[in-house]
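Here the structure is laid out as structure tokens; the discussion comes afterwards.
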Amino acid sequence: MIERDGHVRALRRLFSNNSVIVLLGPRGAGKTTLSHEFAQRSRSNAYLFDLGSAADRSRLDDPDLALSGLQGLIVLDEIHRAPHIIDVVHRLLLRPRNPARFLLLSSIVPDKLRQRFETLSQFSAYYELPGLLSAELPVPQANVLWLRGGLPASYSAGSDSESYDWRERYVRDFLERDLHRLATNAPADRIERFLVMLAHSHAQVWNGSELARSLGVSHHTARRYLNILQSAFVVRTLSPWRANLPRRQVKSPKVYFQDTGLLHYCLGITSLRDLERHPRSGASWEGFVLENLIRVLGRKDSQFYFWAAHTGAKVDLIVRSGSQLRGFEIRRTSSPRITRSVRSALENLSLTRMDVVHAGPSSMALDRRTRAISADRLHEEV
């Protein structure tokens, strides 16, 4: 088992100021394992309820009765299967001397569930558990992580083919088990086609009209499908940064698969050799690095964007922290340099600095405000 002690410590810090932690993340990221490990290390009593289990749902037929007498840590796994229990949690938290803390786990967060979570806002904090990141693994394993993705069972499989087979079952399970909770009147086979089409547009600007035409649905329906995949942590959208410039700028978001293993499954890529030869290899690596960057830089006040002008100038990632803007260009090359696009961004966007993340082994200064950073050293140098 891969140790993820940093996440245990993060939960402990959050519980020092909150009675509820909402633990979110994609199915298979390790939320249940993390919650069990946290419960084992807890100094108080711990009670675990898996709402994916019929037996545990039966134990919570009367949630007021079942939960009101418990003291210590109460873990409610797959809370999206019984969202009404959130209302009970809220009532229990209002007790004059509340003796319980709650850890709520969910792998899908549609709007209605998010609204229920908001009722707990005065007591709660959110924590998103990603799949495995480069910083959690030895550098030589980076390409395996890129190919297989960060879902622990996929990464840890005995071979690339076993990992690919696991991801195939994972997607089938998602389409059959989770989809009906997220979408009404959305056939699973159509969502699967949409998912594959979206994989071919990974790291590109969202073009809902084109995807809609290919699927034979409306633009609004295509956008709804995108929202479904976002609420299940399958994809993320990156909003465009709007600079005060006379030139025309891209106004639509970019779309990325959060897990490159799922991306590669949808593209039919089974081995590292196939991945390196695939026409979407560069886009895949961009998404892999971007996801790691966002996790490394994911402080509470940070906001993430991209910028692109119709002249071709672009910045793959802009990080806003307070009044400062920091830019990142991501390139799968071992010879990073300052391009016209980088110079344009530095001149026009008032960036504090620009980092060029590359595939080579070394990091170096390129000029006063520009540094080349090896992707292998992101967690040390960013």
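Excluded from the calculations below are hydrogen atoms, water molecules and symmetry mates; all remaining heavy atoms, backbone and side chain alike, are included.
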[X] bridged to [Y] by N-O distance under 4.0 Å:
X: Lys254; Y: Glu286; value: yes
X: Asp56; Y: Arg59; value: yes
X: Arg295; Y: Glu291; value: yes

Taking all non-hydrogen atoms of both residues into account, name the closest pair between [X] and [Y] and its distance.
X: Arg337; Y: Val356; value: O-CG2, 4.4 Å
X: Ala243; Y: Trp307; value: CB-NE1, 4.2 Å
X: Leu60; Y: Ala66; value: CD2-CB, 3.7 Å
X: Ser44; Y: Leu73; value: OG-N, 3.7 Å
X: Val342; Y: Arg331; value: CG2-NH2, 3.7 Å
X: His264; Y: Leu147; value: ND1-O, 2.9 Å

For atom [atom1] of [X], decide whether the heavy atoms of other residues, nucleotides or ligands shown that lie under 6.0 angstrom number more than 12.
X: Arg247; atom1: CZ; answer: yes
X: His310; atom1: NE2; answer: yes
X: Arg273; atom1: CZ; answer: no

Check the hydrophobic clustering (I, L, V, M, F, W, Y; side-chain heavy atoms under 4.5 Å; chains of links allowed) and say if [X] and [Y] are grouped together.
X: Leu267; Y: Phe174; value: yes
X: Leu378; Y: Leu366; value: no
X: Leu290; Y: Leu137; value: yes
X: Ile228; Y: Leu262; value: yes
X: Trp285; Y: Phe306; value: yes

Output all residues satisfying salt bridge (Lys or Arg N to Asp or Glu O under 4.0 Å) with Asp173, sequence neighbours left out; order by chain, then residue number.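 Partners of Asp173 by the salt bridge (Lys or Arg N to Asp or Glu O under 4.0 Å) criterion, ordered by chain and then number, come out as Arg27, Arg177.
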Any luck finding a side-chain donor-acceptor pair between Thr339 and Ser341 under 3.5 Å? no
Does either side chain, that of Arg167 or that of Ser163, offer a donor lying less than 3.5 Å from an acceptor on the other one? yes
Hey, could you give me each pair passing salt bridge (Lys or Arg N to Asp or Glu O under 4.0 Å) that has a residue in residues 41-52? Not counting sequence neighbours.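 Every salt bridge (Lys or Arg N to Asp or Glu O under 4.0 Å) pair that includes a residue of residues 41-52, provided the two are not neighbours, is Asp5-Arg41, Glu37-Arg41.
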Partners of [X] by side chain to side chain contact (heavy atoms under 4.5 Å, CB included), sequence neighbours excluded?
X: Glu380; result: Arg377
X: Pro246; result: none
X: Ser362; result: Met364
X: Ser134; result: Leu145, Phe288, Asn292

Contacts table for residues 193-205: side-chain donor-acceptor under 3.5 angstrom, sequence neighbours left out:
{"unit_1": "Arg193", "atom_1": "NH2", "unit_2": "Ser214", "atom_2": "O", "d": "3.4"}
{"unit_1": "His202", "atom_1": "ND1", "unit_2": "Phe257", "atom_2": "N", "d": "3.0"}
{"unit_1": "His202", "atom_1": "NE2", "unit_2": "Ala283", "atom_2": "O", "d": "3.1"}

Please assess Ser271 against Asp160 for the test side chain to side chain donor-acceptor pair (under 3.5 Å), listing each intermediate value before the final yes or no. CA-CA 6 Å; Ser271 68; Asp160 290 344; 5.9 Å; no
Does [Y] offer a backbone N or O that forms a donor-acceptor pair with the side chain of [X] under 3.5 Å?
X: Ser302; Y: Leu297; answer: yes
X: Asn348; Y: Ser344; answer: yes
X: Ser218; Y: Thr221; answer: yes
X: Arg326; Y: Ser321; answer: no
X: Ser156; Y: Pro152; answer: yes
X: Glu136; Y: Leu132; answer: no
X: Ser374; Y: Ser363; answer: no

Under 3.5 Å donor-acceptor pairs involving side-chain atoms of residues 98-110, not counting sequence neighbours:
{"unit_1": "Asn98", "atom_1": "OD1", "unit_2": "Arg95", "atom_2": "NH2", "d": "2.9"}
{"unit_1": "Asn98", "atom_1": "OD1", "unit_2": "Ala100", "atom_2": "N", "d": "3.3"}
{"unit_1": "Asn98", "atom_1": "ND2", "unit_2": "Ala100", "atom_2": "O", "d": "2.7"}
{"unit_1": "Arg101", "atom_1": "NH2", "unit_2": "Ser42", "atom_2": "OG", "d": "3.3"}
{"unit_1": "Ser106", "atom_1": "OG", "unit_2": "His80", "atom_2": "ND1", "d": "3.0"}
{"unit_1": "Ser106", "atom_1": "OG", "unit_2": "Ile108", "atom_2": "N", "d": "3.4"}
{"unit_1": "Ser106", "atom_1": "OG", "unit_2": "Ile108", "atom_2": "O", "d": "2.6"}

Any pair counted as side-chain hydrogen bond (donor to acceptor under 3.5 Å, both in side chains), so long as it reaches residues 61-70, sequence neighbours left out: Asp64-Arg91
Reported [atom1]-to-[atom2] distance for the pair [X] and [Y], which is rounded to 0.5 angstrom:
X: Ser231; Y: Leu226; atom1: OG; atom2: CG; answer: 10.0 Å
X: Leu325; Y: Leu349; atom1: CG; atom2: CG; answer: 7.5 Å
X: Arg224; Y: Ile191; atom1: CZ; atom2: CD1; answer: 7.0 Å

Which donor-acceptor pairs under 3.5 Å do the side chains of residues 12-24 make with protein atoms, sequence neighbours left out?
{"unit_1": "Ser16", "atom_1": "OG", "unit_2": "Arg13", "atom_2": "O", "d": "2.4"}
{"unit_1": "Asn18", "atom_1": "ND2", "unit_2": "Leu14", "atom_2": "O", "d": "2.8"}

Under the ring pair (Phe, Tyr, Trp, His ring centres under 6.0 Å) rule, what pairs show up with a residue in residues 231-255, not counting sequence neighbours?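 Ring pair (Phe, Tyr, Trp, His ring centres under 6.0 Å) check on residues 231-255 returns Trp241-Tyr305.
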When you compare the side chain of Tyr265 with that of Tyr170, does any pair of heavy atoms fall below 4.5 Å?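 Tyr170 does not reach Tyr265 side chain to side chain.
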Which atom pairs, donor and acceptor, lie under 3.5 Å between side-chain atoms of residues 311-319 and protein residues at least two apart or in another chain?
{"unit_1": "Lys314", "atom_1": "NZ", "unit_2": "Asp316", "atom_2": "OD1", "d": "3.0"}
{"unit_1": "Lys314", "atom_1": "NZ", "unit_2": "Glu329", "atom_2": "OE2", "d": "3.2"}
{"unit_1": "Asp316", "atom_1": "OD2", "unit_2": "Ile330", "atom_2": "N", "d": "2.8"}

